[in-house]
Amino acid sequence: MRIANTLGFLAAFGLMTGGMFAPASAQAAQVIIDDFGVGEVGSGTFATDSSLPRTKDGQYHPGGSGNGNHLLNNGNFATWTPDLTAGDWLVEVWNPTVDTGITTNTTTVNHAGGSTDYTFYQPDLGGDWAALGFHSFNSGTGGNVTISSATQYAYADAVRFTSVDDLPTASFELGSAFARSQSGNGWFVGTKNDLVSNSAGDTHSFTIDVTAGTYNINYQYWDGGARSDDTTIEIWDGAAKLDTIILDQNNNLDDFTTVDLGAYTFSSSTAEIRTIASGNDHASVYGVDLTVVPEPASLALLGVGAGLMLAGRRRAHA
């Protein structure tokens, strides 16, 4: 379930239940800044020092046509500056579908606590939002998101900010595009566009800043004959390891497989999902989905709303 769909559902749900989740608050709690101003929400600006407008598959250009994103030349950058109310916001970047020649770049979130850098990776992926984490922002336009092309090219398209207060339940995807790091020299892009290594001890990490709460984790990888039957998955909450899972990735399904790793409670820190190669064939990692699990109070509120809906239907048929 994407965040946009969830917010739309909650808005409609609010209308049916007497306004518990009003469409106006959902709208005010989300800001979308697009390089061409298409489908924007809230207030913000886009700027780039030097780039060439491009049309690519998977661009964020709803309801429009023509140039939909910017190609940043070697060494150039683009900046999205939102006008936000003070608080915690989930930051997501739209990733266009791009050429395999576009490789690693840097995405920086400048927030109230300083700045956080993420790895920006764009090979054969895109057409969706990818999360950079929850960050605290001051009121106004003091924060921003910057993509730098460094020594490669990069595509700049749209950035979305969603208030934590508007996420009683939502799902967001890290994918293999953002917020990842790796140790060891064996990692490379496999024939299925997953990241693989057969060097024992090589570690790949998805790391995201989270607000305190419970999150359900889905883990994505390629399941084929050339993948390891004893890949190690570790779940970390900051410096504390929550769980270790041994995953058999060699079931010859020859398809991307998603495994539900379960629900984990994180402090107001970082959630990290590590993939560790055993050296017994190739460990595979493609992406991770995190879904916010509602607090009991939120579940109770939703339950009350559902009860009101049923009561209304009974009265209508009485």
Side-chain angles (χ1 to χ4, degrees), residues 72 74-75 93 95 98-108 115-126 130-133 147-155 173-209 217 219-252 254-259 261 270-289:
L72 301 178
N74 186 351
V93 177
N95 190 27
V98 299
D99 301 329
T100 55
I102 314 298
T103 55
T104 303
N105 303 275
T106 301
T107 306
T108 301
S115 62
T116 304
D117 291 338
Y118 296 92
T119 300
F120 189 99
Y121 191 64
Q122 295 181 314
D124 289 335
L125 297 170
L132 298 183
I147 289 182
S148 172
S149 61
T151 58
Q152 302 285 345
Y153 290 93
Y155 278 94
E173 183 172 347
L174 299 185
S176 56
F178 300 95
R180 70 186 190 94
S181 61
Q182 61 199 50
S183 62
N185 299 317
W187 293 104
F188 63 96
V189 178
T191 56
K192 305 302 180 180
N193 284 330
D194 56 336
L195 201 66
V196 298
S197 175
N198 61 359
S199 297
D202 277 6
T203 301
H204 175 281
S205 294
F206 287 111
T207 305
I208 187 167
D209 296 308
I217 302 174
Y219 182 90
Q220 303 160 352
Y221 67 96
W222 179 265
D223 192 328
R227 301 296 183 260
S228 174
D229 61 3
D230 59 352
T231 297
T232 297
I233 312 298
E234 293 182 348
I235 312 297
W236 289 76
D237 176 23
K241 183 165 68 173
L242 302 181
D243 201 3
T244 299
I245 301 166
I246 304 300
L247 185 61
D248 183 357
Q249 300 180 330
N250 186 15
N251 291 310
N252 292 301
D254 288 330
D255 200 356
F256 283 108
T257 297
T258 300
V259 175
L261 300 183
T270 56
E272 182 180 359
I273 297 90
R274 298 180 184 177
T275 301
I276 306 173
S278 68
N280 179 19
D281 222 325
H282 289 91
S284 170
V285 57
Y286 185 74
V288 175
D289 287 343

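The structure presented is a predicted model; accordingly, all values stated were derived computationally and were not measured.
Shown here for Ile233 and Thr275, the closest heavy-atom pair between the two residues is CD1-OG1, 3.9 Å. Closest heavy-atom contact between Asp254 and Gly224: OD1-CA, 3.6 Å. The minimum heavy-atom distance linking Ala277 with Ser199 is given by the pair CB-O, 3.4 Å. Among all heavy-atom pairs drawn from Tyr155 and Ile147, the shortest one is O-CD1, 4.3 Å. Among all heavy-atom pairs drawn from His204 and Leu195, the shortest one is CD2-CD2, 3.2 Å. When all heavy atoms of Ser197 and Asp202 are compared, the pair lying nearest together is OG-OD2, 2.7 Å.
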Derivation of the side chain to side chain donor-acceptor pair (under 3.5 Å) call for Thr108 and Asp117 | CA-CA 4 Å; Thr108 301; Asp117 291 338; 2.6 Å; yes
When you look at Asp230 and Ser278, which way does the side chain to side chain donor-acceptor pair (under 3.5 Å) test go after all the steps?
-> CA-CA 7 Å; Asp230 59 352; Ser278 68; 2.6 Å; yes
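Using a 4.5 Å cut-off on side-chain heavy atoms (C-beta onward), Val196 and Arg227 make contact. Taking 4.5 Å as the limit, some side-chain heavy atom of Asn280 sits within range of a side-chain heavy atom of Asp229. A 4.5 Å side-chain heavy-atom check between Trp187 and Val285 finds at least one atom pair inside the cut-off. Residues Ile246 and Thr232 form a side-chain contact, since some pair of their non-hydrogen atoms from C-beta on lies under 4.5 Å apart.
A search for side chain to side chain contact (heavy atoms under 4.5 Å, CB included) contacts involving Leu242 returns Ile235, Asp237, Tyr264, Phe266, not counting sequence neighbours. In this view, Asp281 satisfies the side chain to side chain donor-acceptor pair (under 3.5 Å) rule with no residue, not counting sequence neighbours.
Side-chain polar atoms of Glu272 and Ser205 form a donor-acceptor pair below 3.5 angstrom. Looking only at atom types and distance, the side chain of Thr231 has a donor-acceptor partner in the side chain of Gln249 under 3.5 Å away. With 3.5 Å as the limit, one finds a donor-acceptor pair spanning the side chains of Asp194 and Ser284.
More than 12 heavy atoms of other residues, nucleotides or ligands sit less than 6.0 Å from atom CG of Asn252.
Using the six-membered ring where Trp is involved, Tyr219 and Tyr221 have ring planes that are tilted, between 30° and 60° apart. Between Phe256 and Tyr286, the ring planes lie tilted relative to each other; the angle falls in the 30° to 60° range.
Between the Asp223 side chain and the Asn251 main chain, a donor and an acceptor come within less than 3.5 Å of each other.
The line from CD1 of Ile276 to OG of Ser183 is 8.0 Å long, rounded to the nearest 0.5 Å.
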